[in-house]
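First comes the structure, then the notes that go with it.
Nothing here was measured: the structure is a model prediction, and the numbers come from that model.
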Amino acid sequence: MDYLIGVDVGTTSTKAVLYDQHAQVLDSFKAGYTLYRDASGMAEQDPAAIVTAVKTVIKQAAAAADLSQGKLLAVAFSSANQSVILLDDQHQPLTRSITWADTRARGVAERMRRHLVAKTLFSHTGTPLHPMSPFTKLIWLNENQPALMAKAAYVADIKSYLFWELFHTFKVDISIASCTGLFNLHTSDWDEQALELAGVSAAQLPEIVSGTTQAVGLVPTVADELGIPATTPFVYGAFDGALSNLGVGAIKQDTVAITIGTSAAVRVATDHPVIDPQERLFCYAIDEGFYVVGGPINNGGDVFQWAVEHLVDNSAVEQNGGDAYDLANQVIETAPAGAHGLLFHPFLGGERAPLWDANARGSFFGLTPLHTRADMLRAVMEGINMNIATVFAAVRELVGEPASVTATGGFAQSAVWKQMMADILNVPVNIPASFESGCLGAITMAMKSLGLIDDLSAVTELIGEVESYQPQAAAVATYQEYLPLFKQVEELLSPAYGVIAQLQEKEAPGTH
């Protein structure tokens, strides 16, 4: 038996999945690390901790494979995008990894959105002007830490830094490059205008390569540490969202993929760049001739986690002898669609699509003395799904009516959530049995790179069982009444978000 390892480098942990040569899952491994946050909007990771986690899970996966009887064909990567690490002339970090979740560049993003060049930048890069973008992060660093920027010989993301540590080569796949706001979709190279505004040169950035590119020749000490041959190919892959699309077979324009993890996203693949004239949605390259259009959402499973922690009665959990999330799902099922007239806007962490407002804040609307914890819990779950529905509507408007919707993520363990999504979107929702779509997408790119498959569409043959949830007419009718109100309240509150954010920052405690 031969083996493949898919690695998914995430915001708080790295996962590795061990597959056989037919893409059947054999085992999986996970290693966590800290996401450092404070009241300023900082959200950073320690690059060394991520390198250690990646090495750990690859070593564990390789140890679970019988390499005396078979061969490790490749290791392939999925990773979070839109991170920035400043490096010195020896490629050593001058900063921690500034992640997609960092919002300290929000002032820069607001200013740049008003700049005359904003529309041109968006039409070239497909990247919305938002503090998540490395483009705005670099402007912020130049303005706030000029001495540090002056020392920076190179600007990396977590994947290019990781490959430097493993191979001493400074390269990045086209999909990660495309998410920076510095990449021109039409020339498939760094955009000169964006580079000039960001205050960096192309020489400081990694070389852009295809996602199927192989790195071979591990640093000898790393090969020994991992317990694998130094000649094992490591395939660059793509960013996690693009590979989630690939991993669920959503590789045509008529199939929308929705992922809900800590955050969430709605995406559709196309064979050409599609630029949203209203600038609500991104357009990123996945690989040559392969693009993804969609909207990233800050507030997904983390908001539901907050609700469970604060709204579920711990004594009830103890009495039932179960899990707080299981009890929350049971309680939600007792409340009707619409939560007795209670809406929840889930913007606890600011919001990317559809608002692109880092100052956005969460709120309950319609709360009365008659509402219960069950209503509030249901409203939170509905609010997350209604926010997804607003992005889904924008995607549908831009690229056309989908033939199907496929959804993945931790939410898929909740039957009530899956049915609710179908009802709110008013489309059938397909849920693949395998949750690790990013790792499957990564090894699919590796299989193409190795010549094991001719085309990425072969992934449809690798996906296991799929369950389908059909929209229920009564619930659909209710949500069709509430969705316009959800959007109306969102628009009414938007002008106040900046004010409340400033007040909160003034009163906020220190780092936690």
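Side-chain contact check for Trp190 versus Thr180: some heavy-atom pair is nearer than 4.5 Å. Under the 4.5 Å side-chain criterion, counting only non-hydrogen atoms from C-beta, Asp240 is not in contact with Val9. With a 4.5 Å cut-off on side-chain heavy atoms, Ile50 and Ile158 count as touching. Taking the side chain as every heavy atom from C-beta outward, Lys151 and Asp88 never approach each other to under 4.5 Å. Within the 4.5 Å cutoff, no side-chain heavy atoms of Leu129 are placed close to those of Trp356. Put simply, the side chain of Phe304 reaches to within 4.5 Å of the side chain of Trp417, judged on heavy atoms. Put simply, the side chain of Ser78 does not reach to within 4.5 Å of the side chain of Val7, judged on heavy atoms. At least one side-chain heavy atom of Thr232 sits under 4.5 Å from a side-chain heavy atom of Val75.
Defined by atom type and a distance below 3.5 Å, a donor-acceptor pair is missing between the side-chain atoms of Thr270 and Gln253. Looking only at atom types and distance, the side chain of Ser244 has no donor-acceptor partner in the side chain of Arg267 under 3.5 Å away. If you check the side chains of Glu192 and Asn184, you find no donor sitting under 3.5 Å from an acceptor. Remark: the Asn387 side chain and the Glu351 side chain contain an N/O donor-acceptor pair separated by less than 3.5 Å. Judged purely by distance below 3.5 Å, without hydrogens or angles, the side chains of Asp102 and Thr99 never pair a donor atom with an acceptor atom. Looking at Thr11 and Trp100, their side chains do bring a donor and an acceptor atom within 3.5 Å of each other.
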Show the atom names and distances, to 0.1 Å, of all donor-acceptor pairs under 3.5 Å that link a side chain in residues 203-213 to residues at least two apart or in another chain.
from   : atom 1 : to     : atom 2 : distance (Å)
Gln204 : OE1    : Ser201 : N      : 3.0
Gln204 : NE2    : Ala152 : O      : 3.0
Ser210 : OG     : Thr212 : N      : 3.2
Ser210 : OG     : Thr212 : OG1    : 3.0
Ser210 : OG     : Asp287 : OD1    : 3.0
Ser210 : OG     : Asp287 : OD2    : 3.2
Thr213 : OG1    : Ser210 : N      : 3.3
Thr213 : OG1    : Ser210 : O      : 2.9

Got a list of side-chain donor-acceptor pairs under 3.5 Å for residues 140-148, not counting sequence neighbours?
from   : atom 1 : to     : atom 2 : distance (Å)
Trp140 : NE1    : Arg104 : O      : 3.2
Asn142 : ND2    : Leu138 : O      : 3.2
Asn142 : ND2    : Ala198 : O      : 2.7
Glu143 : OE2    : Arg111 : NH2    : 2.5
Asn144 : ND2    : Trp140 : O      : 2.9

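For the atom pair CD (Glu382) and CZ (Phe344), the distance works out to 12.0 Å, reported to the nearest 0.5 Å. Atoms CZ and CD, on Phe122 and Gln278 in that order, are 10.5 Å from each other to the nearest 0.5 Å. How far OG1 of Thr136 is from CE of Met112: 9.0 Å, rounded to the nearest 0.5 Å. Atom CG of Leu72 and atom CG of Leu4 lie 7.5 Å apart (nearest 0.5 Å). A distance of 9.5 Å separates CZ of Arg361 from CG of Leu348, quoted to the nearest 0.5 Å. For the atom pair OG (Ser13) and CZ (Phe29), the distance works out to 14.5 Å, reported to the nearest 0.5 Å.
Side-chain atoms of His186 come within 3.5 Å of backbone atoms of Ser123 as a donor-acceptor pair (strictly under, hydrogens ignored). Using modelled atom types, no side-chain atom of Asn81 and backbone atom of Cys179 make a donor-acceptor pair closer than 3.5 Å. No side-chain donor-acceptor contact under 3.5 Å links Lys137 to the backbone of Ala105. Between the Thr103 side chain and the Ala358 main chain, no donor and acceptor come within less than 3.5 Å of each other. Side-chain atoms of Ser449 do not come within 3.5 Å of backbone N or O of Met445 as any donor-acceptor pair. Without hydrogens or angle criteria, Thr125 side chain to Leu182 main chain gives no donor-acceptor distance under 3.5 Å. A donor-acceptor pair under 3.5 Å is absent between the side-chain atoms of Ser160 and the main chain of Ala156, judged by distance alone. No donor-acceptor pair under 3.5 Å is formed between the side chain of Asn299 and the backbone N or O of Val303. Using modelled atom types, no side-chain atom of Ser437 and backbone atom of Gly247 make a donor-acceptor pair closer than 3.5 Å.
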Apply side chain to side chain contact (heavy atoms under 4.5 Å, CB included) to residues Leu87 and Leu94 and explain how you reach the verdict.
CA-CA 5 Å; Leu87 306 178; Leu94 297 170; 5.9 Å; no
Decide side chain to side chain contact (heavy atoms under 4.5 Å, CB included) for Tyr291 and Val268; before the verdict, give the C-alpha distance in whole Å, the side-chain angles of both, and the deciding distance to 0.1 Å.
CA-CA 8 Å; Tyr291 300 83; Val268 63; over 6 Å; no
Intermediate values then yes/no, side chain to side chain contact (heavy atoms under 4.5 Å, CB included), Tyr19 and Leu440:
CA-CA 9 Å; Tyr19 298 87; Leu440 178 58; 3.8 Å; yes
Would you sort out whether Phe77 and Tyr236 count as a ring-ring contact (aromatic ring centres under 6.0 Å, His included), showing the intermediate values?
CA-CA 6 Å; Phe77 283 82; Tyr236 279 84; 8.3 Å; no
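The nearest pair of heavy atoms linking Glu490 to Leu355 is OE2-CD2, 3.1 Å. Scanning all heavy atoms of the two residues, the minimum distance from Ser97 to Ser83 falls at OG-CB, 3.5 Å. The nearest pair of heavy atoms linking Ala109 to Pro131 is CB-CD, 3.6 Å. The two residues Tyr161 and His91 make their nearest non-hydrogen contact at CE1-O, 3.8 Å. Contact detail for Asp89 and Tyr154: the closest heavy-atom pair is O-CE1, 4.0 Å. Contact between Ile275 and Gly126 at its shortest, heavy atoms only, is CD1-CA, 4.0 Å.
Ion pairing of Lys55 with Glu225 is present here, as a side-chain N (NZ or NE/NH1/NH2) and a carboxylate O approach within less than 4.0 Å. Salt bridge absent: Lys448 and Glu288 never bring a charged side-chain N and a carboxylate O closer than 4.0 Å. Ion pairing of Glu279 with Lys119 is present here, as a side-chain N (NZ or NE/NH1/NH2) and a carboxylate O approach within less than 4.0 Å. With respect to Asp173 and Lys159, a salt bridge is recorded, a charged nitrogen being found less than 4.0 Å from a carboxylate O.
Within a 6.0 Å radius of CZ in Phe365, other residues, nucleotides and ligands contribute 12 heavy atoms or fewer. By the 6.0 Å contact criterion, CD on Glu196 is open, its count of non-hydrogen atoms from other residues, nucleotides or ligands being 12 or less. In this structure, Lys487 places its NZ atom where more than 12 heavy-atom neighbours from other residues, nucleotides or ligands lie under 6.0 Å away.
The aromatic rings of His345 and Phe347 are tilted relative to each other, their planes meeting at an angle between 30° and 60°. Between Tyr284 and Phe282, the ring-plane angle classifies as parallel under the 30° and 60° cut-offs.
A search for side-chain contact (heavy atoms from CB on, under 4.5 Å) contacts involving Ala264 returns Ile260, Ile297, Ile388, not counting sequence neighbours.
Checking Val172, Leu162, Ile85 one by one against Asp157, the side-chain contact (heavy atoms from CB on, under 4.5 Å) holds for a single residue, Val172.
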